[in-house]
Amino acid sequence: MLTRRAFSASLLGTLLAPMVPQASPAATEASQATGSLHQAARTTGRFFGSAVRSDQLASEGGLLAEVVRQCGMLTPEIHLKWNSIEHKQGQYWFEPVDELVQICRLNGLALHGHTLLWEQGTPAWALRALRRKKDWALIENHFARVLTRYKGDALRWDVVNEPIDTQSGRKNLRRNTFHQVFGASYIERALHTARAYAPDAVLMLNDYSFEYDNPVDADRRKAFLQLLERLKADGVPLDGVGVQAHLDLGKGPLKRTVIAPFLREIGQLGLEIVVTELDVKERDYRASPSVRDSRVANEVAAYLDIVLDEPAVKGVVTWGMSDRHSWLKVEPGDRTNTRKYGNPAPNRGLPYDARMRAKPMHNVLEQRLSGRNV
Ligand code: G3I
């Protein structure tokens, strides 16, 4: 968990004067070389956003300046999760989210509410209490507190995060604490509860591994569609879905025949789609940085060429801006004989490198989001 102590810098001071802090030389270079991804997306009626952390924005002025320039929407990467807001029962830590809200308000950006209910984002005390008391009020109180506080700021909410598990789930639903305590209907219950406190927000389910032509992803697509169909048939207040899109160069190739029908079916249910966590995991780190960057950019191009043909897709969000902060790490099974190029880390799967220089992935995003597919 990110602790209060770790979060020492105050963003608000940085923010209010001057509003956009001085960019580092690297960021200035990037700014001159690139257009705004959100402006590009707006030309086709969509938005572009990124996951961010308040502490990183506070300590890296270049990052903050570029985030504000590039994005129309910010997703708190960790601060809105229950275990960040209420790590200890009854002790609330809203400051990092409030600071992101300030950035959004001052710069005309929207906030994406990530996420209300996710076992991995739930504090241990709440999981214990849910198992012991089996009382939905614990969840309802959390929803009420967060949804009321950010009403008007968060346009969309990932109400339930990652409910699908086709490998060890029960009827393809993850056997998490919520399922164990309240049964499969915890999902609709969460959506109804969210609707009560956020009447105007777009309520979403957010999940991963829908992209590739392999049996696991195929089962996951099928299970997700079945869940969505059931929820819509039952009149549950579900407005959209997040497809995370953690792309993976070890799983390719991406196929239109696989992805397009899946998205079409979601669109036909009347749901909007947001690409919520786009990044690319590399598997082979032995080539030069420029070759690696081309592979990443090509994967993103292939994905966006399919996805942006679907009108239900409203926006694209990357899971961070700079490789410096990527959650993706070089793993033991990856190919890393890198005598020629040195340490292969970090993974290069985001639009900017670790020094905030825009990479080919940025160009691809800009082209595709603006509808220029060449
Ligand atoms: O800040 C503490 C630090 O003080 C402590 O020393 C360290 C020890 O582990 O932990 C630090 O907190 C970590 C936090 O990120 C901030 O870095 C947590 O352990 C770590 O669990 C947390 O990871 C986040 C994870 O969600 C869980 O909240 C990742 O940054 C974030 O990228 C990841 O995002 C998820 C999405 O929410 C859902 N989809 C998948 C995606 C990637 O896993």
Side-chain angles (χ1 to χ4, degrees), residues 10-24 27-28 30-58 60-77 79-80 94-114 146-158 198-204 239-240 242 272-278 308 313-322 350-352 356 358 362 365-366 368-371:
S10 165
L11 243 191
L12 281 182
T14 321
L15 254 183
L16 296 175
M19 213 183 76
V20 176
Q22 288 233 302
S24 66
T28 308
S31 302
Q32 285 164 354
T34 65
S36 159
L37 296 177
H38 182 58
Q39 291 306 326
R42 279 186 57 169
T43 61
T44 56
R46 293 187 164 108
F47 65 86
F48 173 79
S50 173
V52 290
R53 286 176 43 166
S54 302
D55 50 326
Q56 291 165 354
L57 295 181
E60 298 174 36
L63 177 67
L64 173 57
E66 203 58 12
V67 159
V68 165
R69 218 172 71 80
Q70 297 290 331
C71 296
M73 213 276 314
L74 301 183
T75 304
E77 184 175 348
H79 313 300
L80 252 180
F94 288 113
E95 286 89 339
V97 188
D98 290 351
E99 292 174 349
L100 294 181
V101 166
Q102 280 300 333
I103 294 174
C104 287
R105 287 184 185 167
L106 288 169
N107 296 283
L109 316 182
L111 189 80
H112 183 90
H114 178 78
V146 173
L147 291 171
T148 306
R149 188 176 184 97
Y150 298 113
K151 198 180 231 168
D153 290 306
L155 303 184
R156 295 182 175 80
W157 283 95
D158 296 334
D200 303 321
V202 175
L203 303 183
M204 303 177 35
D239 308 308
E272 66 171 54
I273 301 168
V274 178
V275 175
T276 46
E277 305 187 14
L278 179 65
L308 296 178
V313 173
K314 302 299 178 201
V316 174
V317 180
T318 53
W319 204 240
M321 290 291 269
S322 158
L350 287 169
Y352 292 81
M356 280 308 288
H362 187 289
L365 279 161
E366 195 178 346
R368 269 45 182 197
L369 287 168
S370 64

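In this chain, numbering begins with 1 at the start of the sequence shown.
Note that CD of Q39 is 10.5 Å distant from CD of E366, once rounded to the nearest 0.5 Å. Atoms CH2 and CG, on W157 and L80 in that order, are 4.5 Å from each other to the nearest 0.5 Å. In this structure, CD on E277 lies 8.5 Å from CD on E77, to the nearest 0.5 angstrom. Atom CZ of residue F47 and atom CG of residue L369 lie 10.5 Å apart, to the nearest 0.5 angstrom. Between atom CG of residue N107 and atom CG of residue L74 there is a gap of 8.5 Å, rounded to the nearest 0.5 Å. Put simply, CG on L100 and CG on L111 are 7.0 Å apart, with the number rounded to the nearest 0.5 Å.
Using a 4.5 Å heavy-atom threshold, the side chains of V202 and L155 count as separate. Side-chain atoms of I103 and V67, non-hydrogen and from C-beta on, never get closer than 4.5 Å to each other. Side-chain contact between V316 and L308: present, with at least one pair of heavy atoms (C-beta onward) separated by less than 4.5 Å. Counting heavy atoms from C-beta outward, T276 and M204 have side chains that approach closer than 4.5 Å. Residues V274 and M73 fail the side-chain proximity criterion, which asks for heavy atoms closer than 4.5 Å.
Of all heavy-atom pairs between S54 and P96, the closest is OG-O, 2.6 Å. Among all heavy-atom pairs drawn from G371 and T44, the shortest one is N-CG2, 3.9 Å. The minimum heavy-atom distance linking P351 with G320 is given by the pair CD-O, 4.0 Å. Here the shortest heavy-atom pairing between L57 and V52 reads CD1-CB, 4.0 Å. In plain terms, the two heavy atoms of C104 and A110 that are nearest each other are SG-O, 3.5 Å. The two atoms that bring H79 and P76 nearest to each other are N-CB, 4.3 Å, heavy atoms only.
Counting only distance, with no hydrogens or angles, the side chain of R156 and the backbone of G242 share no donor-acceptor pair below 3.5 Å. A donor-acceptor pair under 3.5 Å is absent between the side-chain atoms of S322 and the main chain of M356, judged by distance alone. Formation of a donor-acceptor pair under 3.5 Å by the Q70 side chain with backbone atoms of L37 is found in this model. Checked by atom type and distance alone, the side chain of T75 never pairs as donor or acceptor with a backbone atom of H112 at under 3.5 Å. Without hydrogens or angle criteria, H38 side chain to F48 main chain gives a donor-acceptor distance under 3.5 Å.
Under the side-chain contact (heavy atoms from CB on, under 4.5 Å) criterion, K151 pairs with P199, sequence neighbours left out. In terms of the salt bridge (charged side-chain N to carboxylate O under 4.0 Å, His left out) criterion, residue partners of R105 (sequence neighbours excluded) are, by chain and number, D153.
Here D98 pairs with R149 in a salt bridge; the nearest charged N to carboxylate O distance falls below 4.0 Å.
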